[in-house]
2 protein chains.
Amino acid sequence: MDAIADDAGGKRARGLDRAFEILDFLRQKRQALKPNEIAAQIGAPRSSVYELVNLLLRNGILEFTGGDGRVYLGRKLYFLGAAYENHFDFTRECEAALERLAGETRETAQFCMLDGNKYTVVHMREGARPFRISTDIGQSVPIPWTASGRLLVAHMTDEEILAFIPPQDFQLPGGEWLDPQAFLTEVRQAGHEGFFTFNSIVDSFTHCFAVPVMDEGHAAATLCLVTPRDDGLANRDRYLTCLKDAAASLSQAPTRPRRG
Amino acid sequence: MDAIADDAGGKRARGLDRAFEILDFLRQKRQALKPNEIAAQIGAPRSSVYELVNLLLRNGILEFTGGDGRVYLGRKLYFLGAAYENHFDFTRECEAALERLAGETRETAQFCMLDGNKYTVVHMREGARPFRISTDIGQSVPIPWTASGRLLVAHMTDEEILAFIPPQDFQLPGGEWLDPQAFLTEVRQAGHEGFFTFNSIVDSFTHCFAVPVMDEGHAAATLCLVTPRDDGLANRDRYLTCLKDAAASLSQAPTRPRRG
DNA sequence: ATCATATGTTCAATATATTGGACATTAACG
DNA sequence: CGTTAATGTCCAATATATTGAACATATGAT
């Protein structure tokens, strides 16, 4: 069902693709699984999964954990991810920016990016309010559901956007459908204004603010605030200013390469 | 030369292994490279590297960056690494522990783990002293060169240790050779005492402290202090106490699985 | 202009990776 | 006990991934 991309007929799958399908699946499940379970749940031949899991184990990409032969993402992935992070030097300044934002606004602040054709919260700083945020770190969310989504695809043409976002992602959690044309209009507006705010369309009580973190001419990420509706509307201008300042401070950094 | 494992004859290489060789190579180089350069430097057929790079690009494991078709580790790796990290919930408490350590001692504090058969600094908090640390985050260092190394292999038998550590890693940066038997003795001592300290054997001016962070009965990681020799000797007992307290606070956490 | 080097693309041959299915083992269960 | 389900291993067949080599293009030096 949720296979990565083109997976129609009964051809053999390429090992590399299957391998990363396994990794993504484990990430999504967020728990150690037996090879057999993996095979059953992603609909892959068991022998293939056993073969690949063993290869990945040998490479440190997967690790035995949880006993009973269960495997989960391995340390090597952590190191590779850290190298990615390091290269752009995001995190440190990012955390600082979120900290500052949370302090200034007392609202929940998030740093968001695309993960494939989904939206994902990469870092989050919970606000001081007694307020529950629904989105979990690292969870994939359809792009059209989010304020940030408008910004993260703003560098594409209309056609590219519609080709990029899976059609079913325009269906909101309640079941209603969001008109793609309306979405595109909002994308253009967001791209032009340099921010996007709206009453969340995935719940009935939050107001969302998003501003882009620019890198190489397009929104590489966004900074967001998720607030109670009344607070958000009452402090709209101030919050937007805070966000833009924070984003500006981040937008400089990512370009420069780091040498040890 | 430094191929991953068994790479003798002129057989064809498996795509998956080659792929991770590419990823590791990029991590080591810490910069974006052209596919052609990668092929030349890891000694792989160009057509294979181009094929694999394209596959990895399609999966978000690699990304174009730096222009001219150069590629580097991709965002997907970051997400996978974050999931690994999350699963063990290390980082947050880890950063806190380093912060505390650095505050208490004003020395450089490190969180270290094994990466394959090498030692690696995963997190570091620079001390308040005007003092330069040589080790860089994420760089691979021979196990015998480090105090932590004694602890990180302490759960293995002598034979396992000698099979695990590449023989040439017993050669110190100066060129002298460390006697494996002497190393094993230190490993046993470290395992027994629950810490290891020594005047660094890779430079002439630092004293190193290491204590284990236990997980599932063995040292999954270490906390370290790197200090000027005189300071280290003068504050030895206090520093060791700080380290042990910090390690104890971390040793609890990693076992419990997290549910959203 | 000529040559050399670096870079990327294309393609056919074959070495081999993926796969289905058989088999082995264990646990659960009536 | 016999049956079913879950899990892991093994193996041969074949679909295909890896590879060398040829080709294409750009750049820079002489």
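Numbers restart at 1 for each chain; the letters A, B, ... are given by sequence-line order, proteins then strands. Nothing here was measured: the structure is a model prediction, and the numbers come from that model.
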Please tabulate the protein-to-nucleotide N/O contacts below 3.5 Å involving nucleotides 20-23 of chain D, giving atom names and distances.
unit_1 : atom_1 : unit_2  : atom_2 : d
D/dG20 : N7     : B/Ser47 : OG     : 3.1
D/dG20 : O6     : B/Ser47 : OG     : 3.0

Give each protein N/O atom lying under 3.5 Å from an N/O atom of nucleotides 15-17 of chain C, with the pair distance.
unit_1 : atom_1 : unit_2  : atom_2 : d
C/dA15 : O4'    : B/Arg12 : NH1    : 2.9
C/dA15 : N3     : B/Arg12 : NH1    : 3.2
C/dA17 : O5'    : B/Arg14 : NH2    : 3.4
C/dA17 : N3     : A/Arg12 : NH2    : 2.8

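Spacing between atom NZ of B/Lys34 and atom P of C/dA6 amounts to 11 Å, rounded to whole angstrom units. If you measure from atom CD of B/Glu21 to atom C1' of D/dT18, you get 14 Å, rounded to the nearest angstrom. Across the protein-nucleic acid pair, A/Asn54 atom CG and D/dT7 atom P stand 16 Å apart, rounded to whole Å. Taking atom OH of A/Tyr50 as the reference point, atom C1' of D/dA6 lies 9 Å away to the nearest angstrom.
Using a 4.0 Å cut-off between charged nitrogen and carboxylate oxygen, A/Arg27 and A/Asp24 count as a salt-bridge pair. Electrostatic pairing of A/Lys76 and B/Asp115 counts as a salt bridge here, judged by a charged N lying under 4.0 Å from a carboxylate O. In this structure, B/Glu51 does not pair ionically with B/Arg18, as no charged nitrogen and carboxylate oxygen lie closer than 4.0 Å.
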Fill in: Verdict with reasoning, B/Arg75 to B/Ile61, per side-chain contact (heavy atoms from CB on, under 4.5 Å)
CA-CA 7 Å; B/Arg75 190 176 308 169; B/Ile61 306 295; over 6 Å; no
Fill in: Stepwise side-chain contact (heavy atoms from CB on, under 4.5 Å) check, B/Phe79 with A/Val122
CA-CA 8 Å; B/Phe79 290 127; A/Val122 180; 3.7 Å; yes
Practice prompt. Report the C-alpha separation of A/Leu26 and A/Leu62 in whole Å, then their side-chain angles, then the decisive distance to 0.1 Å, and conclude whether the side-chain contact (heavy atoms from CB on, under 4.5 Å) test is met.
Written response: CA-CA 10 Å; A/Leu26 288 172; A/Leu62 288 180; 3.5 Å; yes
Worksheet item: Are B/Ser140 and B/Tyr119 close enough, and set up right, to give a side-chain contact (heavy atoms from CB on, under 4.5 Å), and what steps lead you there?
Response: CA-CA 6 Å; B/Ser140 294; B/Tyr119 154 100; over 6 Å; no
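Near DNA chain C, defined here as any heavy-atom distance below 4.0 Å, there are no residues from residues 65-74 of chain A.
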Which atom pairs, one a donor and one an acceptor, fall under 3.5 Å between side chains of residues 157-164 of chain A and the rest of the protein, sequence neighbours left out?
unit_1   : atom_1 : unit_2   : atom_2 : d
A/Thr157 : OG1    : A/Glu159 : OE1    : 3.4
A/Thr157 : OG1    : A/Glu160 : N      : 3.1
A/Asp158 : OD1    : A/Arg188 : NE     : 3.1
A/Asp158 : OD1    : A/Arg188 : NH2    : 2.7
A/Glu160 : OE1    : A/Thr157 : N      : 2.8

Let me check something: any side-chain donor-acceptor pairs from residues 37-50 of chain B under 3.5 Å, sequence neighbours excluded? List them with distances.
unit_1  : atom_1 : unit_2  : atom_2 : d
B/Glu37 : OE1    : B/Lys34 : N      : 2.7
B/Gln41 : OE1    : B/Lys29 : NZ     : 3.4
B/Arg46 : NH1    : B/Asn36 : OD1    : 3.4

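When the side-chain contact (heavy atoms from CB on, under 4.5 Å) test is applied to B/Pro144, the partners found at least two apart in sequence or on another chain are B/Pro142, B/Ile165, B/Asp169, B/Phe170, B/Leu178, B/Phe183.
Annotation for A/Thr222 and A/Ser148: closest pair OG1-OG, 2.8 Å, computed over non-hydrogen atoms.
When each of A/Pro35 and A/Leu16 is assigned the nucleotide of DNA chain D bearing its nearest heavy atom, the one mapping closer to the 5' terminus is A/Pro35.
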